[in-house]
Amino acid sequence: MREFNIVLRTEDGTYNPLDEAIVEHPELTREAALHFDLMSDGTSVLLYHLTGDADELEAILEDEESALSYDVFDVEDDGVRAHVRFAANTVLSAMIQLMDEYDLIIDPPVDIDEDGGLHMNVAGDFKKIREAARMRPGDLDIELQEDDSGTVDRVDVTTLLTERQLEVLEVALAKGYYEIPRQATNEDIAGELDCSTSTVGEHLRKIESRIISQVGPD
């Protein structure tokens, strides 16, 4: 078993419809997810830690259809907490399903940064962590964080990519796209994958961005 410091992100920093409303509210800030779990009916539960006004949060929850039930309470000198049960089919529920399927353990709390990144310590079999990273939802990005010693756990670069991105990369490498001189074009890769050249170009840009962001200088 190995442990990794991981950050998960979506483009807009939200993982369920309630997040979207909280992010747009000027007086509420997400601080951490203290607990989350998946119920047998596919719904998910989340214990939020936030700063802000409890009444404002309750008003948002009252109007949020995906919040099936909730309980909001103040914590003395420590902000607000909300226990919320969400409808199925959110990024949150997909993430929990992956953790369960690949026997991964998250050591709470999961801190939430100002851009909505979920900072977590994940323990599990290395191969399963890698496979879970590949099978994550396409709109969920993953980063590795340095540990206290200032080093980063060695991890296969494919953990940074979605399953489709990995497929595009494998075809690009096989056809010599990254050789010098280049042996293939976007059109060659698109023909192999039966997709448009613009789609290939978008995938390659995202692949290169993800890899360079991890191995390049700060």
Side-chain angles (χ1 to χ4, degrees), residues 1-19 30-49 66-69 81-113 115-170 203 206-207 210-211 213-215:
M1 179 176 289
R2 297 181 61 182
E3 294 186 5
F4 297 85
N5 296 320
I6 291 175
V7 182
L8 297 178
R9 297 184 187 279
T10 58
E11 185 174 349
D12 62 0
T14 67
Y15 306 88
N16 55 69
L18 175 60
D19 275 345
R30 297 168 301 166
E31 300 291 346
L34 302 179
H35 177 76
F36 48 82
D37 204 354
L38 191 67
M39 302 290 99
S40 59
D41 60 359
T43 61
S44 54
V45 293
L46 173 64
L47 178 59
Y48 271 114
H49 176 206
S66 68
L68 304 179
S69 62
R81 293 187 182 175
H83 184 275
V84 186
R85 184 171 185 173
F86 291 101
N89 300 322
T90 65
V91 176
L92 173 64
S93 59
M95 184 178 69
I96 298 173
Q97 285 177 327
L98 272 180
M99 296 297 175
D100 288 344
E101 182 176 351
Y102 291 97
D103 300 320
L104 304 182
I105 300 171
I106 297 177
D107 184 20
V110 175
D111 293 325
I112 305 173
D113 64 30
D115 296 319
L118 303 179
H119 295 246
M120 62 185 71
N121 183 268
V122 179
D125 178 80
F126 172 70
K127 291 182 179 180
K128 289 186 176 182
I129 291 176
R130 180 177 62 184
E131 186 65 19
R134 288 177 53 189
M135 298 300 293
R136 71 190 185 276
D139 52 357
L140 192 61
D141 203 3
I142 185 170
E143 301 174 9
L144 300 180
Q145 287 283 308
E146 293 183 349
D147 60 22
D148 293 337
S149 65
T151 61
V152 177
D153 284 309
R154 184 175 65 87
V155 64
D156 193 310
V157 72
T158 58
T159 62
L160 306 174
L161 308 178
T162 66
E163 188 174 19
R164 182 59 170 171
Q165 288 170 350
L166 182 60
E167 183 181 8
V168 173
L169 178 59
E170 288 174 343
H203 279 308
K206 289 182 178 181
I207 290 166
R210 289 300 305 123
I211 294 174
S213 70
Q214 293 297 311
V215 303

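Here the structure is a predicted model, which means the values were calculated and not measured.
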### Task
Before accepting this row, confirm whether a basic side-chain N of the pair Arg164/Glu167 lies closer than 4.0 Å to the acidic partner's carboxylate O.
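Judged by the 4.0 Å cut-off on N to carboxylate O distance, Arg164 and Glu167 do form a salt bridge.
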Kindly compute the distance separating [atom1] ([X]) from [atom2] ([Y]), expressed to the nearest 0.5 Å.
{"X": "Ile106", "Y": "Leu8", "atom1": "CD1", "atom2": "CG", "answer": "7.5 Å"}
{"X": "His83", "Y": "His35", "atom1": "NE2", "atom2": "NE2", "answer": "6.5 Å"}
{"X": "Ile96", "Y": "Leu46", "atom1": "CD1", "atom2": "CG", "answer": "7.5 Å"}
{"X": "Met135", "Y": "Leu166", "atom1": "CE", "atom2": "CG", "answer": "11.0 Å"}
{"X": "Asp37", "Y": "Asp100", "atom1": "CG", "atom2": "CG", "answer": "7.0 Å"}
{"X": "Asp125", "Y": "Asp103", "atom1": "CG", "atom2": "CG", "answer": "9.0 Å"}

Where [X] and [Y] come nearest, the two heavy atoms and their spacing:
{"X": "Thr43", "Y": "Phe86", "answer": "CB-O, 3.0 Å"}
{"X": "Gly42", "Y": "Ser93", "answer": "O-CB, 4.3 Å"}
{"X": "Leu104", "Y": "Ala132", "answer": "CD1-CB, 3.8 Å"}
{"X": "Leu161", "Y": "Gln165", "answer": "CA-OE1, 3.5 Å"}
{"X": "Pro109", "Y": "Leu34", "answer": "CB-CD2, 3.7 Å"}
{"X": "Ala32", "Y": "Asp111", "answer": "CB-OD1, 3.9 Å"}

### Task
Any salt bridge (Lys or Arg N to Asp or Glu O under 4.0 Å) involving residues 81-98? Give me the pairs, sequence neighbours left out, ordered by first then second residue.
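Of all non-adjacent pairs touching residues 81-98, those that pass salt bridge (Lys or Arg N to Asp or Glu O under 4.0 Å) are Asp41-Arg85, Asp78-Arg81.
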### Message
Can a donor-acceptor pair be found, under 3.5 Å and without considering hydrogens, that links the side chain of Tyr15 to the backbone of Leu140?
### Response
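The answer is no, because no donor-acceptor pair under 3.5 Å joins these two groups.
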#### Entry: Polar side-chain atom of Asp115 near backbone of Gly117 as donor-acceptor pair, under 3.5 Å
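No; judged by distance alone, with no hydrogens or angles, the pair does not exist.
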### Query
Met99 and Leu38: side chain to side chain contact (heavy atoms under 4.5 Å, CB included), yes or no, with the steps?
CA-CA 10 Å; Met99 296 297 175; Leu38 191 67; over 6 Å; no
### Task
Show the numbers, then the answer: is there a side chain to side chain contact (heavy atoms under 4.5 Å, CB included) between His119 and Asn5?
CA-CA 7 Å; His119 295 246; Asn5 296 320; over 6 Å; no
### Query
Could you walk me through whether Thr162 and Lys206 pass the side chain to side chain contact (heavy atoms under 4.5 Å, CB included) check?
CA-CA 10 Å; Thr162 66; Lys206 289 182 178 181; over 6 Å; no
### Sub-4.5 Å side-chain heavy-atom contact between Leu118 and Ile112
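Yes, at least one pair of side-chain atoms sits under 4.5 Å.
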